[in-house]
Amino acid sequence: MFAHISLQQPWWLWLLPALFLLRRAICRYAGNVEHHGIEQSPSTENRHVHHPLPTLLASLATRSSHQSGLYNFAFWLVIAALCLALSGPERSGEKRPDPPRERDIIFIVDTSVSMTLRDYQVEGKRIARMRVIRAMLDSFITELKGDRVGIIAFADTAHVLSPLTNDASLLHNLLPKLRTGIAGRTNAIGDAIALAVKQARQTKARRQVLILVSDAALPTGTIPATRAAALAAEEGLPLYTIAVGAGSYTAEEARITGLIYHPANLPLMQKLAGQTGAKTYQAGDHASLQAAVRDIEQLEKNTVQAAPQFYREPLFRWPLLAAILLLTIMQALNLASGRYRRGKR
């Protein structure tokens, strides 16, 4: 019966013996005052001024000596019930449902001008990096199962294209807006990672994963990329990096594009991921890009085991009601006894 009952603040129970000892000391002191008295000089100059406290204590001692054992027992039952109510008794009930095991995945997507470079080939045709990234995100969103996805687009500056959401239709509708140049031309990786860390701080109840999709070529911005990765590490956020584009200059397209070709900066991407204990993937083609996202999905299963939580029912009201009831009965008996004594006189 009492196996599932616990006290949240059991130290309040120490108040019961403390009050018992205090009352005994007061009654003993009051009895001494009543027995010995205080001598008073008949002269006005040596007259002592009496404090009302000894008289009050004496009356308490006298009154308590006339009280029956039943009344004293009821009095201490009231004090015990009040101490028990203060100690916060609770009954543990059924186990609460486990917290959601889904994740928050924030994609940090490079939209700098280098995403127009066509060093991917699908069925023998060259396609731009951005087109491959959109196809990868579209496939990932289609397979969403409770996970929330957010997208941050960056170039000169970083912007939240989509806050964390599990609305797949909304994310699909936003993907066409993920275009090269929407945030500028350069590559402010550090600013984008810092923005993702700030967004992740707002929801710490779920497993959170950052995925940087970039070529990391010629990074700019006000926050160094390594400093931003350190911020992610301090928050316990894994930063997976997917290096977009070829790993060497041999994949450069022969046609004249007006852009200086730069392959993916794989060493920097590896360094950023290593700072947070995550992995780096080289997306050399469309298939390897899809494989990288699937691998991250498997690695970042939300397997955090939270301590079991149980429904709790506060029980303090019952000892409190018992104390009020006993006090009411004691007061009623006192009034009835007083009227009876006055009637006999």
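The model shown is predicted, which means the values in this text are computed figures rather than measured ones.
For the residue pair Asn187 and Leu218, the shortest heavy atom distance occurs at CB-O, 3.9 Å. Listed here is the closest heavy atom pair of Ile106 and Ala196: CD1-O, 3.8 Å. Closest non-hydrogen pair, Gln199 versus Pro163, comes out as NE2-CA, 3.5 Å. Here the shortest heavy-atom pairing between Thr222 and Pro224 reads O-CD, 3.8 Å. Here the closest heavy-atom approach between residue Gly221 and residue Ala188 is recorded as CA-CB, 3.7 Å. In terms of heavy-atom proximity, Leu171 sits nearest to Ser162 at CD2-OG, 3.3 Å.
A side-chain donor from one of Asp110 and Ser112 sits under 3.5 Å from a side-chain acceptor of the other. Side-chain contact, Thr157 with Asp191: no donor N or O sits under 3.5 Å from an acceptor N or O. Residues Thr180 and Thr116 bring no donor and acceptor atom of their side chains to less than 3.5 Å of each other.
Heavy atoms from other residues, nucleotides or ligands lying under 6.0 Å from CZ of Arg131 number 12 at most. A 6.0 Å sphere centred on CH2 of Trp318 holds no more than 12 heavy atoms belonging to other residues, nucleotides or ligands.
Applying the ring pair (Phe, Tyr, Trp, His ring centres under 6.0 Å) rule to pairs touching residues 141-196 yields nothing, sequence neighbours excluded. Among residues at least two apart or in separate chains, side chain to side chain donor-acceptor pair (under 3.5 Å) pairs with a member in residues 11-21 are Gln9-Trp12.
Rounding to the nearest 0.5 angstrom, the gap separating the CG atom in Leu19 from the CH2 atom in Trp76 is 6.0 Å. Taking OG1 from Thr276 and CG from Leu239, the interatomic distance works out to 5.0 Å, rounded to the nearest 0.5 Å. Separation of atoms CZ (Arg179) and CE (Met115) is listed at 16.0 Å; rounding is to 0.5 Å. Atoms CG and CG, on Leu82 and Leu15 in that order, are 9.0 Å from each other to the nearest 0.5 Å. Remark: Leu231 CG to Leu237 CG distance equals 10.0 Å, nearest 0.5 Å. From Phe107, atom CZ reaches atom CD1 of Ile151 across 7.5 Å, with rounding to the nearest 0.5 Å.
Salt bridge present: Arg129 and Asp215 bring a charged side-chain N and a carboxylate O closer than 4.0 Å. A salt bridge does not link Glu234 with Arg201: none of the charged nitrogens is closer than 4.0 Å to a carboxylate oxygen.
Side-chain N or O atoms of Thr328 include one that pairs as donor or acceptor with a backbone N or O of Ile324 at under 3.5 Å. A donor-acceptor pair under 3.5 Å links the side-chain atoms of Thr280 to the main chain of Met269, judged by distance alone. A donor-acceptor contact shorter than 3.5 Å is absent between the side chain of Ser87 and the backbone of Leu13. Of the possible polar contacts, one joining the Gln282 side chain to the Gly245 backbone as a donor-acceptor pair under 3.5 Å is found. Side chain of Gln275 to backbone of Ala229: no donor-acceptor contact under 3.5 angstrom is found. Here the side chain of Arg134 pairs a donor or acceptor atom with the backbone of Leu178 at under 3.5 angstrom.
By the criterion of side-chain heavy atoms lying less than 4.5 angstrom apart, applied directly or through intervening Ile, Leu, Val, Met, Phe, Trp or Tyr residues, Ile152 is not grouped with Tyr240; the two fall into different hydrophobic clusters. If you chain together hydrophobic residues whose side chains sit under 4.5 Å apart, Val197 and Ile189 fall into the same group.
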- Query: What do the steps show when you test Ile108 against Ser214 for side-chain contact (heavy atoms from CB on, under 4.5 Å), and what is the final call?
  - Reply: CA-CA 8 Å; Ile108 310 168; Ser214 174; over 6 Å; no
